[in-house]
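Could you have a look at this structure, given as structure tokens, before my questions?
Count residues from 1 along the sequence. We use all heavy atoms of the structure for the numbers below, so side chains are in, but hydrogens, waters and symmetry mates are not.
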Amino acid sequence: MDRKLTFLADLLLLGSFAAVMASGFMISHTLPTGMQKAPLLAHQIHHVAGYVMVIALGFHLGLHWSSILPRLERGMGFSKIPHLSLLYKVLVILLTAGGIYFSFYYSLGSRLLLLRIPNARSIPVTLWTFTFGHLLIMSLYAAGAYYVQKFFRQRKRRPART
């Protein structure tokens with residue numbers, strides 16, 4: 001199951017990356033396409049694929065988190081901190097809450113489904129809120145992928161009931 005989830009995350013990440021690149025070339029007018037303006041479809045693909053990439057990157061990071069965390073703890077000296085698992089749980093709750101908040105703030109579901117977003121231009125966006133918000137959205141999906149993977153690993157370890 002781990003390999004299937006990792007393959008799905010990698011495929012989604014590579015596909016969305018390729019779609020962002022291809023539509024980005026069409027939008028930027030650097031390739032001679034014979035068009036003066038890029039079609040609306042290219043802009044829509046670019047936006048949707050960008051958000052899919054954020055989600056896929058978070059999912060990919062979450063699937064590899066169990067191998068990243070021990071290295072991070074050793075390298076940063078976190079293993080000496082008392083009640084570390086409690087701090088991790090509080091941090092995951094805060095990151096997840098922030099990811100949910102910014103998912104609604106940026107109307108992520110509507111953007112992925114190409115729905116019209118009322119008052120989209122009135123959403124205040126600075127470089128810091130954009131970056132911070134998208135990192136929190138990524139952390140939401142990373143936490144989700146980590147706990148889905150953990151659930152399947154625990155389910156696999158349990159003996160079958162007869």
Side-chain angles (χ1 to χ4, degrees), residues 1-24 43-79 81-120 123-161:
M1 192 61 166
D2 281 351
R3 279 190 254 155
K4 288 178 184 177
L5 286 173
T6 303
F7 177 74
L8 177 68
D10 291 345
L11 190 66
L12 195 60
L13 190 58
L14 288 172
S16 62
F17 183 73
V20 167
M21 281 182 41
S23 61
H43 289 276
Q44 290 174 334
I45 290 172
H46 192 72
H47 286 274
V48 169
Y51 281 105
V52 169
M53 190 186 316
V54 168
I55 291 169
L57 193 57
F59 196 70
H60 180 83
L61 183 64
L63 291 177
H64 294 291
W65 193 248
S66 59
S67 62
I68 295 171
L69 188 61
R71 293 177 186 165
L72 185 69
E73 286 176 350
R74 276 195 309 271
M76 303 290 282
F78 289 164
S79 57
I81 298 175
H83 308 294
L84 189 61
S85 65
L86 178 64
L87 289 174
Y88 283 151
K89 289 174 183 165
V90 169
L91 183 62
V92 166
I93 289 170
L94 291 174
L95 290 173
T96 303
I100 292 169
Y101 172 78
F102 277 104
S103 292
F104 283 107
Y105 184 78
Y106 288 116
S107 304
L108 188 64
S110 296
R111 291 179 192 273
L112 287 172
L113 297 173
L114 294 174
L115 299 176
R116 189 175 178 285
I117 303 167
N119 303 324
I123 298 172
V125 178
T126 65
L127 175 64
W128 296 107
T129 59
F130 180 85
T131 305
F132 185 66
H134 284 74
L135 284 173
L136 285 174
I137 291 169
M138 193 183 329
S139 69
L140 168 68
Y141 288 96
Y146 173 75
Y147 284 108
V148 164
Q149 183 183 43
K150 190 174 179 178
F151 171 77
F152 282 121
R153 284 182 179 171
Q154 287 176 349
R155 193 169 162 217
K156 183 180 173 184
R157 284 187 211 142
R158 286 189 208 144
R161 294 182 186 179

Reported CE-to-CE distance for the pair M21 and M53, which is rounded to 0.5 angstrom
9.5 Å
Please report the C-alpha distance between I55 and L12 in whole Å, then the side-chain angles of each, then the deciding distance to 0.1 Å, and finally whether the side-chain contact (heavy atoms from CB on, under 4.5 Å) criterion is met.
CA-CA 9 Å; I55 291 169; L12 195 60; 5.5 Å; no
Atom CG of L69 and atom OH of Y88: how far apart are they, to the nearest 0.5 Å?
4.5 Å
Specify the closest pair of heavy atoms between A9 and A56, including all atoms of both residues, with the distance to one decimal.
O-CB, 4.4 Å
Verify the neighbour count for atom CZ of F132: are there more than 12 heavy atoms of other residues, nucleotides or ligands below 6.0 Å?
no
Could you give me the CA-CA distance, side-chain angles and deciding distance for L87 and L91, then say whether side-chain contact (heavy atoms from CB on, under 4.5 Å) is met?
CA-CA 6 Å; L87 289 174; L91 183 62; over 6 Å; no
Just by distance, do the side chain of T131 and the backbone of W128 share a donor-acceptor pair under 3.5 Å?
no
Assess whether side-chain contact (heavy atoms from CB on, under 4.5 Å) is satisfied between V48 and R111, documenting all intermediate values.
CA-CA 7 Å; V48 169; R111 291 179 192 273; over 6 Å; no
Do you know the tightest heavy-atom contact between G50 and V20?
N-CG2, 3.5 Å
Across all chains, not counting sequence neighbours, the ring-ring contact (aromatic ring centres under 6.0 Å, His included) partners of H47 are none
Reported CG-to-CD1 distance for the pair L95 and I100, which is rounded to 0.5 angstrom:
11.0 Å
Counting only pairs under 3.5 Å, give me each side-chain donor-acceptor contact of residues 101-109, with atom names and distances, residues two or more places apart or in other chains.
residue, atom, partner, partner atom, Å
S103, OG, G99, O, 2.8
Y105, OH, P124, O, 2.7
Y106, OH, T129, O, 3.3
Y106, OH, F130, N, 3.4

Atom pair OG1/CG of T6 and L13 - distance to nearest 0.5 Å:
12.0 Å
Distance check, rounded to the nearest 0.5 Å: H46 atom NE2 versus S23 atom OG?
5.0 Å
Atom pairs and distances, side-chain donor-acceptor, residues 138-150, under 3.5 Å, sequence neighbours left out:
residue, atom, partner, partner atom, Å
S139, OG, L136, O, 2.7
Q149, NE2, D2, OD1, 3.4
Q149, NE2, L63, O, 3.4

Measure the spacing between NE2 of H60 and CG of L5 and express it to the nearest 0.5 Å.
12.5 Å
